[in-house]
Engineer: 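Sharing a structure below in C-alpha cells format, with a few things to ask.
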Amino acid sequence: LRGAAEPGKPIAAKGDIELVINQENKTIGVMGRDTANALASFRELRKFYSERLDPSPGLATQYVECDGQGWAKSRANPVKSFTRFWSHHVPLQNIGKQLEVEVTNYGVHLVPPNKDPNDSNWFHISIDPLIVSSAKRYRIRWIWRGSDMEEVLERFSKTDETLQEMISVIEVS
C-alpha cells in the first residue's frame, strides 16, 4: 500500500492488477492488462468492500464503468479497410467536395444515439488504425458504463471477441 491516494494513481498492487481510488469523484477500481484478471479482481474487491469495510447504510453503486484500451492485429490493411468501409458514404463525399479533395474517415467511433456522454448508461467504442503500425494494427478504446453491474461486467468480459467481430465487419465491407 502507498500513503496518500493521488487521483488515478494506484495505491496497491496484486500481481499485475493495481488498486485505484479517486477521492474526488468517489470511485474505486482496478487496472490490469488482462480483461479476465481485471474482472476477477474487481469482483474480489467488490466482495471485500461489501463484507469487510462496513459501507455506509444506503450507499449504493450508481453505476460501474469498464474502460479498456489496446491494439489488435489486422488481417487486412486498416487504412485501406476504412477507406473501403466509408467509400460510399455520401455525406463524407460531400465534405470532400467542399474541401476539393477526396476524404475518408480514419476509423469509427461508436456511441449510443441521442445520449449524453455523462449518462450513467453509456458506451464509447473507437477503432482506428494504430499510427505507428497503420498497415498492420488497430488502436482500440472501449468504455462501457451502466447501472446494472452484472450486465456491464458481462459485456466487458466479452470485449475481445466483440472487438474481433467488429473488426471483421470493417475488413470485409
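Along the sequence shown, residues carry numbers from 1.
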Engineer: Starting from Val90 and following side-chain heavy-atom contacts under 4.5 Å between hydrophobic residues (I, L, V, M, F, W, Y), which residues can be reached?
Structural biologist: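 Besides Val90, the hydrophobic cluster comprises nothing; the residue is isolated.
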Engineer: Using a 3.5 Å distance criterion without hydrogens, assess whether the side chain of Asn121 forms a donor-acceptor pair with backbone atoms of Ser147.
Structural biologist: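 Indeed, once roles are kept as given, a pair shorter than 3.5 Å links the two residues.
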Engineer: Looking only at heavy atoms, what is the nearest atom pair of Glu171 and Arg84, with distance?
Structural biologist: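 Minimum heavy-atom contact is O-NH2, 3.1 Å.
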Engineer: Roughly how far apart are Ser134 OG and Asn77 CG, rounded to 0.5 Å?
Structural biologist: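 Going from the OG atom of Ser134 to the CG atom of Asn77 covers 6.5 Å.
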Engineer: Ignoring hydrogens, what is the shortest heavy-atom contact between Ile170 and Phe85? Give both atom names and the distance.
Structural biologist: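 Closest heavy-atom pair between Ile170 and Phe85: CA-CD1, 3.9 Å.
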Engineer: Side chains of Tyr138 and Ser81: does their closest heavy-atom pair fall under 4.5 Å?
Structural biologist: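 Yes; the side chains approach each other to less than 4.5 Å.
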Engineer: Is there a side-chain contact between Ser168 and Arg75 in this structure, where contact means two heavy atoms from C-beta onward sitting under 4.5 Å apart?
Structural biologist: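 Yes - at least one pair of side-chain heavy atoms lies under 4.5 Å apart.
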Engineer: Decide whether Ile140 and Leu130 are clustered together by the hydrophobic rule: side chain heavy atoms of Ile, Leu, Val, Met, Phe, Trp, Tyr closer than 4.5 Å, transitively.
Structural biologist: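 Per the 4.5 Å side-chain linkage, Ile140 and Leu130 are not co-clustered.
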Engineer: Does any non-hydrogen side-chain atom of Val152 lie less than 4.5 Å from one of Glu65?
Structural biologist: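 No, their side chains stay 4.5 Å or more apart.
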Engineer: Cluster question for you: counting only ILVMFWY and a side-chain heavy-atom cut-off of under 4.5 Å, with indirect links fine, are Trp122 and Met149 together?
Structural biologist: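 No, because Trp122 and Met149 fall into different hydrophobic clusters, even though each may have its own neighbours under 4.5 Å.
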Engineer: Does one hydrophobic cluster hold both Leu153 and Ile143, with members joined at side-chain heavy-atom distances below 4.5 Å?
Structural biologist: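 Leu153 does not cluster with Ile143.
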Engineer: Write down the atom of Asn118, the atom of Arg145, and the distance for their closest heavy-atom approach.
Structural biologist: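 Scanning both residues completely, I find the closest heavy atoms to be C-NH1, 3.9 Å.
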Engineer: With Trp142, which of Ile127, Leu110, Asp160, Thr159 fulfils side-chain contact (heavy atoms from CB on, under 4.5 Å)?
Structural biologist: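 Looking at Ile127, Leu110, Asp160, Thr159, the match for Trp142 under the side-chain contact (heavy atoms from CB on, under 4.5 Å) is Thr159.
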Engineer: Looking at every non-hydrogen atom in both residues, tell me the closest pair between Trp71 and Arg137 and how far apart they are.
Structural biologist: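 Smallest heavy-atom distance, with atoms named: CZ3-NE, 2.8 Å.
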Engineer: With a 4.0 Å cut-off on N to O distance, would you call Asp67 and Arg141 a salt bridge?
Structural biologist: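 Yes, this pair counts.
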Engineer: A quick test of your reading: do over 12 heavy atoms of other residues, nucleotides or ligands sit less than 6.0 Å from NZ of Lys115?
Structural biologist: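 Result for NZ/Lys115: enclosed.
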Engineer: Look up atom CD1 in Ile11 and atom CD in Glu18, then write down how far apart they are to the nearest 0.5 Å.
Structural biologist: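 Spacing of CD1 (Ile11) from CD (Glu18) equals 11.0 Å.
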Engineer: Using the rule that Ile, Leu, Val, Met, Phe, Trp and Tyr join whenever any side-chain heavy atoms are under 4.5 Å apart, tell me whether Val132 and Tyr106 fall into a single cluster.
Structural biologist: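 The answer is no; the residues belong to distinct hydrophobic clusters.
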Engineer: Provide the closest heavy-atom pair for Ser74 versus Ala76 in the form atom of the first, atom of the second, distance.
Structural biologist: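 Where Ser74 meets Ala76 most closely, the heavy atoms are OG-O, 2.8 Å.
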Engineer: Who else is in Tyr63's hydrophobic cluster (ILVMFWY, side-chain heavy atoms under 4.5 Å, direct or via others)?
Structural biologist: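 Under the 4.5 Å side-chain rule, Tyr63 groups with nothing.
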Engineer: Quick one, Val64 and Trp144 - any side-chain contact, counting heavy atoms below 4.5 Å?
Structural biologist: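 A side-chain contact is absent here, since even the closest heavy-atom pair is not under 4.5 Å.
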Engineer: Tell me the closest heavy-atom pair linking Ile17 and Ser41, and the distance in Å.
Structural biologist: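 Looking at all heavy atoms of both residues, the shortest contact is CG1-OG, 3.4 Å.
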Engineer: Does atom CD (Gln93) have a neighbourhood of more than 12 heavy atoms from anything else shown, all under 6.0 Å?
Structural biologist: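 Counting other residues, nucleotides and ligands, CD of Gln93 exceeds 12 neighbours.
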Engineer: Quick check on the hydrophobic clustering: are Ile131 and Val79 connected, directly or via other members, by side-chain heavy-atom contacts under 4.5 Å?
Structural biologist: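 Result: yes, single cluster for both.
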Engineer: For residues 32-40, which side-chain N or O atoms pair as donor and acceptor with protein atoms under 3.5 Å away, sequence neighbours left out?
Structural biologist:
residue: Asp34; atom: OD2; partner: Ala36; partner atom: N; Å: 3.3
residue: Asp34; atom: OD2; partner: Asn37; partner atom: N; Å: 2.9

Engineer: Could you tell me the separation between the NZ atom of Lys97 and the CG atom of Leu99, rounded to the nearest 0.5 Å?
Structural biologist: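 So the NZ of Lys97 and the CG of Leu99 are separated by 12.5 Å.
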Engineer: About how many Å separate OG of Ser87 and CD of Glu102, when rounded to the nearest 0.5 Å?
Structural biologist: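 Those atoms lie 9.0 Å apart.
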